[in-house]
Protein chains: 2
Amino acid sequence: MTTSQQSSALHENEGVSEPETTNKSAIQAIKNKRHKQPSVADLVEGILAKDLTALSRAITLVESTNPQHLKKANAIIQECLPYANNSVRIGITGVPGVGKSTFIETFGTFLTAKGKKVAVLAVDPSSTLSHGSILGDKTRMEDLVKDDNAFIRPSPSGSSLGGVARKSRETIILCEAAGFDTILIETVGVGQSETAVHSMVDFFLLLKITGAGDELQGIKRGIMEMADAIVINKADGDNLKRAKTAKVEFNRALHLYPPKESGWQPKVLLASALKNEGIPEVWELINTYLELAKTSQYFDHKRKIQNKFWLLQTIEERLKSDFYNNPAIKTELQIQLQHIENGTTSPFAAAELLLRMK
Amino acid sequence: MTTSQQSSALHENEGVSEPETTNKSAIQAIKNKRHKQPSVADLVEGILAKDLTALSRAITLVESTNPQHLKKANAIIQECLPYANNSVRIGITGVPGVGKSTFIETFGTFLTAKGKKVAVLAVDPSSTLSHGSILGDKTRMEDLVKDDNAFIRPSPSGSSLGGVARKSRETIILCEAAGFDTILIETVGVGQSETAVHSMVDFFLLLKITGAGDELQGIKRGIMEMADAIVINKADGDNLKRAKTAKVEFNRALHLYPPKESGWQPKVLLASALKNEGIPEVWELINTYLELAKTSQYFDHKRKIQNKFWLLQTIEERLKSDFYNNPAIKTELQIQLQHIENGTTSPFAAAELLLRMK
């Protein structure tokens with residue numbers, strides 16, 4: 001086999017009779033589809049057949065700002081909904097430096113080895129500003145990115161957290177319809193995005209490290225309160241002793257919070273993603289939680305609450321996008337912003353004027 | 001003077017000839033006004049004449065959910081706008097227990113003694129839930145509440161932070177038109193409300209104490225980053241030494257952040273509101289900042305940026321309230337929420353259905 005032949009994956013079985021399901025006309029059909037815009041039916045069929053190209057393309061429609069694309073995206077989601085929901089959704093947060101990427105790489109690889117199909121998504125409203133943000137650089141997850149049973153998608157871009165979160169919420173549905181049974185949703189633990197992620201997951205995991213000053217580790221009380229588990233990462237070598245002390249402290253701190261509606265008492269675990277230590281224990285803990293939550297029906301209850309929240313979120317996002325995408329309003333908004341800049345109007349008068357154009 | 005006579009403040013000068021400005025017909029006019037709904041013109045006139053009853057009533061209209069009241073409120077704000085803006089707006093945040101009320105009491109009294117007119121407002125979206133919340137209990141500010149040059153208004157109630165913040169933003173305008181030149185806006189430092197308050201003030205002050213574990217003091221990195229000054233309160237007695245150490249640490253931490261757009265390097269001060277120590281230094285620091293910011297024109301620039309932000313916020317709040325107050329949508333929303341509860345629809349389908357009713 002020459003190098004030029006290797007450059008196309010479609011030739012890799014050359015010389016071997018191709019199986020019927022990938023006969024030449026099917027390949028031609030796929031090639032054709034790639035060159036024109038696939039229909040809603042094409043994409044739904046692809047997603048349900050676990051075709052990752054179809055999944056990626058559908059997610060691109062979800063993430064688009066083009067109203068035609070969004071219409072298509074909504075239709076695809078509607079079709080996929082009956083096949084969604086059969087997964088566990090895990091939120092993973094922690095400030096930069098705690099080793100989120102390494103943890104997800106190790107944890108994700110552990111899960112695919114157990115036969116799970118793992119989708120890794122991210123919610124990071126700052127990603128348009130800071131560029132090389134979480135999951136933006138897939139090379140930080142070298143093994144997982146090559147794993148056939150894993151699908152990694154960086155954070156959608158967008159200026160508003162609501163918009164970014166809505167896109168991720170819908171992407172979860174598509175991934176589940178494509179057969180992914182474990183959804184990991186990464187977020188950076190310094191803003192308001194944890195609340196958004198918390199509202200779309202079954203289990204919320206907070207990564208920590210010891211050694212950094214707590215003030216600069218900067219996890220606010222609200223996030224501690226959301227956590228179903230705290231994993232102290234990098235608990236290896238010289239760090240191990242301090243990590244054990246921190247475990248005791250965090251456990252004590254967690255007990256100060258009022259009991260959770262789920263009845264679950266959050267746990268603290270030690271792990272070293274880099275050395276692949278403590279990872280099975282994290283999965284075991286999540287399963288203990290899932291068993292409890294499913295038995296008590298809290299699992300379904302929570303998903304219903306989340307769905308109600310997402311109903312309102314979807315409405316509010318659409319009200320805004322319909323308003324701001326109105327061409328006349330778009331033009332007038334720029335004029336009013338200039339008036340504010342010049343000090344010739346007030347925000348209230350300008351808002352009034354624009355709202356009357358609805 | 002008997003006890004029954006004391007019960008009405010209007011009789012307190014009995015036996016002394018009443019000054020002309022409060023003659024009997026004027027009193028009757030005020031009494032009449034109190035019994036009917038005052039007009040927009042009445043309230044604007046009252047506000048500009050520094051009448052606190054008119055101010056309070058106008059704020060009540062701003063805080064109302066009745067569309068008629070809101071219309072009146074908008075008209076009043078429009079009339080007041082040319083008289084607003086001549087103040088310094090100071091945000092004060094800190095977790096419960098840092099002594100915000102005592103600090104505001106001492107700081108406010110210090111300011112009125114210097115001839116300032118001080119309005120104290122609060123932004124606390126949780127106040128409807130937790131009742132006895134910040135500023136709800138005015139008795140915690142015994143001196144300030146009796147001070148003729150101070151006006152204290154607890155947080156407006158409301159379920160959404162956006163709504164609560166919009167009301168406070170508009171209340172600032174009314175207070176300024178009523179001659180208040182120093183606006184203190186208190187918020188509790190555990191949620192997202194600091195961002196809202198930060199977007200309506202010129203100077204943002206973070207109160208801290210030493211001694212409490214930092215993890216439970218729970219100020220997130222984002223809030224540290226917003227602060228123009230950190231005041232370590234309760235820096236007295238046995239606490240003084242620890243407070244001095246903390247000052248060094250916070251100063252070091254503040255230097256780790258990127259420089260502010262204003263060019264201002266945030267400072268750390270020690271104070272004891274209870275012992276009335278360190279208060280003039282806080283005011284001096286704020287004035288140093290104001291001088292710098294006004295000279296560089298950053299002060300005006302920031303207010304313009306804030307006005308643009310508030311234009312968008314006002315629009316988005318109104319889009320939501322117009323939608324949710326539509327009676328047909330109100331009814332259908334309850335039905336759709338029930339469908340979600342029963343698992344017979346998805347949040348996306350339900351949102352679509354409701355949005356088509358717009």
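So that the names make sense, note that chain A is the first sequence line, chain B the second, and so on, each numbered from 1. Worth knowing before you read on, the calculation uses all heavy atoms, side chains too, and leaves out hydrogens, waters and symmetry mates.
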Report summary line: So, the part of B:Leu355 with a heavy atom under 4.5 Å from chain A: the answer is side chain
Query - B:Tyr83 atom OH, neighbour heavy-atom count above 12 within 6.0 Å - result: no
Report summary line: CH2 (A:Trp310) and CD1 (B:Ile340) are apart, to the nearest 0.5 Å, by 12.5 Å
Query raised in the report: Between A:Ser346 and B:Gln78, what is the shortest heavy-atom contact and its length?
Result: OG-NE2, 3.6 Å
Requested in this report: Heavy-atom distances under 4.5 Å only: say whether B:Phe309 touches chain A with side chain, backbone, both or neither.
Outcome: neither
Query raised in the report: Can you list the residues that meet the side chain to side chain donor-acceptor pair (under 3.5 Å) rule with B:Lys308, with sequence neighbours excluded?
Result: A:Glu341
**Report entry** Close side-chain approach of A:Pro347 to B:Arg169, heavy-atom, < 4.5 Å
**Finding:** yes
Query raised in the report: Heavy-atom distance under 4.5 Å to chain B: side chain of A:Ile77, backbone, both or neither?
Result: side chain
Requested in this report: Rounded to the nearest 0.5 Å, what's the gap from NZ on B:Lys320 to CG on A:Leu319? Could you check?
Outcome: 9.0 Å
Requested in this report: State the CZ-CZ distance between A:Arg318 and B:Phe323, to the nearest 0.5 angstrom.
Outcome: 9.5 Å
Report task. Sort A:Ile315 into side chain, backbone, both or neither according to what part of it lies under 4.5 angstrom from a heavy atom of chain B. Result -> both
Query raised in the report: When heavy-atom pairs shorter than 4.5 Å are enumerated against chain B, which of A:Ile173, A:Asn307, A:Thr314 gives the highest number?
Result: A:Asn307
Query raised in the report: Taking side chain as C-beta onward, heavy atoms only, is A:Leu333 less than 4.5 Å from B:Leu311?
Result: yes
**Report entry** Per-residue contact mode, A:Leu312 against chain B (heavy atom under 4.5 angstrom)
**Finding:** both
Requested in this report: Please look at A:Leu81 and chain B and tell me whether the side chain, the backbone, both or neither of the residue comes under 4.5 angstrom of a heavy atom of that chain.
Outcome: side chain
Query raised in the report: Which atoms of B:Gln313 come close to chain A, meaning under 4.5 Å heavy atom to heavy atom: side chain ones, backbone ones, both, or neither?
Result: neither
Report task. Could you look at A:Asp322 and say if it's the side chain, the backbone, both or neither that has a heavy atom under 4.5 Å from chain B? Result -> side chain
Query raised in the report: Would the number of heavy atoms belonging to other residues, nucleotides or ligands and lying under 6.0 Å from NZ of B:Lys260 be above 12?
Result: yes
**Report entry** Engaged part of A:Leu354 at the chain B interface, taking heavy atoms whose separation is under 4.5 Å
**Finding:** side chain
Query raised in the report: Got a sec, which residues hit ring-ring contact (aromatic ring centres under 6.0 Å, His included) with A:Phe348, two or more places apart in sequence or on another chain?
Result: none
